[in-house]
Amino acid sequence: MAFDYDFAVLGGGSAGFNAARVAASLGKRVAVIDGAKKLSGLCILRGCMPSKTLIYAAEVLHLAHSAASFGLRVRGAGADMRKVQSRKRRIIDDFAWHRIRQLERGKFALHRSNARFIDPRTVVLDNGRRIRARFFLIATGSRVSTPPIPGLSSARAWTSDEVLDLDTLPKSVVVLGGGIVGCELGQFLARMGTRVCVIQRSAALLRGHSAEAAGVVQRAFEAEGIEVLTKTDIRKVSAARGQVTVEFLHGGRTRRRSATHLINAMGREPDVQGLGLDAAGVKVLDRGRIATNRWQQTTAPHIYAAGDCCGPHEIVHVAIQQGELAARHAGRVKGLRPVSATPLLSVVFTDPQVASIGRSGSELKESGTPHLSASYPFDDHGKSILMNATRGYVRVFAEPKRGRILGAEIVGKDAGELIHSFTGPLTLGATVGDMLRAPWYHPTLSEIVTYPLEEIADRLP
């Protein structure tokens, strides 16, 4: 049977590019197939990098508006959205240029086209060309989902894509969804000067994180003038006379909120439509996720999947690990290990940030796992106090005999940076004593980690 390539990748984002790079390094004939208008993938173009560029700009403006609390005078601080966007585009274009260069100059063929399986070993491109490969990797990412709420699809709601490209500031927005995207972009707009209301269906913001962490973020939002409504049942959306109105149940009453614009931040779904997965023998699970085993193989063993299209976590570093594993497994590399779901690292770039790694308190309780926990607040720590960054806490979980680290949660200033104090120790099976033997410089934010560690150490036998 003749094959055009040993390994063909559908999608040139983080998972696909890194898989192709690894497969090529193994001496395989490799192709990357991507029909997007612009190459580089979600993270660089419409996700991590543009959102954090804008969020940081909003943080600078927020600090300027808070200057009086530091004894400073900063008059007339405001957002010039055209210039903010111009800076973002320069930064993202530079990131994208480097990725495009890597794709175009890589040791693999690049096909600028969409692809569809017509049988388990063959895909057809937009131009009619057929490509046969020994192995395939599906790495097509995700797209914004639109829940079946009456009126939502016709309300012309913005998604994160439109918000990240705004060069004018909306007067007001209603954000449907209080998850990571809704919270991050809602706070960004509020800090830039937009009136923001966040409507969340579950009982707290940031479902999947602890209720205490969500509470800290919600109080911070409300202090900045963001209206937060949780535990709602959204009934319908309507648009008229330049206003969008959301009708929902809250506290047993029908309520409404109107704004000039609506943002749909109610989640994403795998972008697998039109791939011809049935023809390939690839099974799809709930919400369109591609079923994979521990080696990233689908129900067709020669076809792999990685990244957002299969999950279970929409995290870049996990997608990269999955893609690289697939390439090595297809290349018959010995001694491989599956991508481990633990320790799972998560960061939410609100202010205060929310970060966690390893096992959570609720998970430990539900599983009946013996553990010790201790926490320490940011409002009693020297460096955070002098920074006016007093919201939040550090919490550590450890096993009760030797004090081996089981997990950690940080809510507060730069939590996304501080959580990495635990990545090495947790991965290596370190104890609280091991971490306390390391030097911690004073005064730094990082040394706040030592206080819950010391408390747990004092409680060990």
Side-chain angles (χ1 to χ4, degrees), residues 55 58-59 62 66 174-191 195-234 248-252 255 257 265-267 344-366 371 373-381 384-385 387-397 406-419 422 445 448-449 451-452 455:
I55 288 168
E59 182 179 354
H62 177 70
S66 306
V174 171
V175 181
L176 296 183
I180 294 176
V181 172
C183 285
E184 288 183 355
L185 295 185
Q187 189 178 39
F188 156 69
L189 287 172
R191 287 183 162 187
R195 178 170 58 83
V196 175
C197 173
V198 177
I199 299 177
Q200 168 74 326
R201 290 176 292 184
S202 59
L205 297 175
L206 300 172
R207 185 166 59 90
H209 292 79
S210 73
E212 186 175 358
V216 174
V217 172
Q218 180 168 339
R219 289 190 292 274
F221 279 16
E222 291 170 343
E224 294 183 19
I226 300 172
E227 183 180 19
V228 178
L229 297 162
T230 59
K231 205 172 183 180
T232 67
D233 182 3
I234 302 172
F248 56 96
L249 289 179
H250 181 257
R255 306 181 69 177
R257 287 295 182 273
M266 302 179 77
L344 182 64
L345 176 62
S346 173
V347 179
V348 183
F349 289 88
T350 49
D351 184 11
Q353 294 179 2
V354 178
S356 61
I357 187 170
R359 303 183 70 180
S360 67
S362 60
E363 180 186 350
L364 291 167
K365 289 178 183 178
E366 289 170 6
H371 66 280
S373 69
S375 64
Y376 198 85
F378 270 67
D379 64 5
D380 193 37
H381 179 55
S384 56
I385 289 172
M387 297 173 72
N388 276 0
T390 56
R391 294 185 185 274
Y393 57 87
V394 177
R395 176 165 288 121
V396 179
F397 305 99
L406 299 175
E409 178 185 55
I410 304 178
V411 183
K413 175 69 173 174
D414 292 336
E417 311 298 330
L418 299 180
I419 197 67
F422 291 96
L445 280 178
I448 192 175
V449 166
Y451 303 132
E455 181 179 334

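Remark: side-chain polar atoms of Thr232 are paired, donor with acceptor, to backbone N or O of Gln200 under 3.5 angstrom. Although no hydrogens or angles enter the test, the distance criterion places no donor-acceptor pair under 3.5 Å between the side chain of Gln187 and the main chain of Thr350. Side chain of His250 to main chain of Thr230: a donor-acceptor pair is present (N/O by atom type, distance under 3.5 Å, no hydrogens or angles). Side-chain atoms of Glu184 come within 3.5 Å of backbone N or O of Phe349 as a donor-acceptor pair.
The two atoms that bring Gly412 and Phe378 nearest to each other are CA-CZ, 4.0 Å, heavy atoms only. For Val175 against Gly182, the heavy-atom pair with the smallest separation is CG1-CA, 3.8 Å. Looking at every heavy atom in both residues, Pro377 comes nearest to Ile448 through O-CD1, 3.9 Å. Nearest heavy-atom pair across Ile419 and Ala355 is CB-CB, 3.7 Å. Of all heavy-atom pairs between Val198 and Gly178, the closest is CG1-CA, 3.9 Å. When all heavy atoms of Asp351 and Glu224 are compared, the pair lying nearest together is O-OE2, 4.3 Å.
Side-chain atoms of His371 and Lys365, non-hydrogen and from C-beta on, do get closer than 4.5 Å to each other. In this structure, the side chains of Arg201 and Met266 come closer than 4.5 Å at one or more pairs of heavy atoms. In this structure the side chain of Val354 never reaches within 4.5 angstrom of the side chain of Val347, judged on heavy atoms. Residues Leu176 and Ile234 are in side-chain contact: their nearest non-hydrogen atoms beyond the backbone lie under 4.5 Å apart. Between His209 and Val217, the closest side-chain pair of non-hydrogen atoms is not below 4.5 Å. Using a 4.5 Å heavy-atom threshold, the side chains of Glu409 and Tyr393 count as touching. In this structure, the side chains of Met387 and Leu445 come closer than 4.5 Å at one or more pairs of heavy atoms. Contact annotation: the side chain of His381 never approaches that of Val394 to less than 4.5 Å [non-hydrogen atoms, C-beta and beyond].
Taking the six-membered ring where tryptophan is involved, the planes of Tyr451 and Tyr376 are tilted, since the angle between them lies from 30° to 60°.
Between Leu344 atom CG and Ile357 atom CD1 the span is 8.5 Å, to the nearest 0.5 Å.
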- Message: Using side chain to side chain contact (heavy atoms under 4.5 Å, CB included), reason through Val196 and Phe221 one step at a time and then give a plain yes or no.
- Response: CA-CA 10 Å; Val196 175; Phe221 279 16; over 6 Å; no

- Any chance you could lay out the side chain to side chain contact (heavy atoms under 4.5 Å, CB included) test for Ser66 and Asn388, step after step, and finish with the verdict? CA-CA 10 Å; Ser66 306; Asn388 276 0; over 6 Å; no

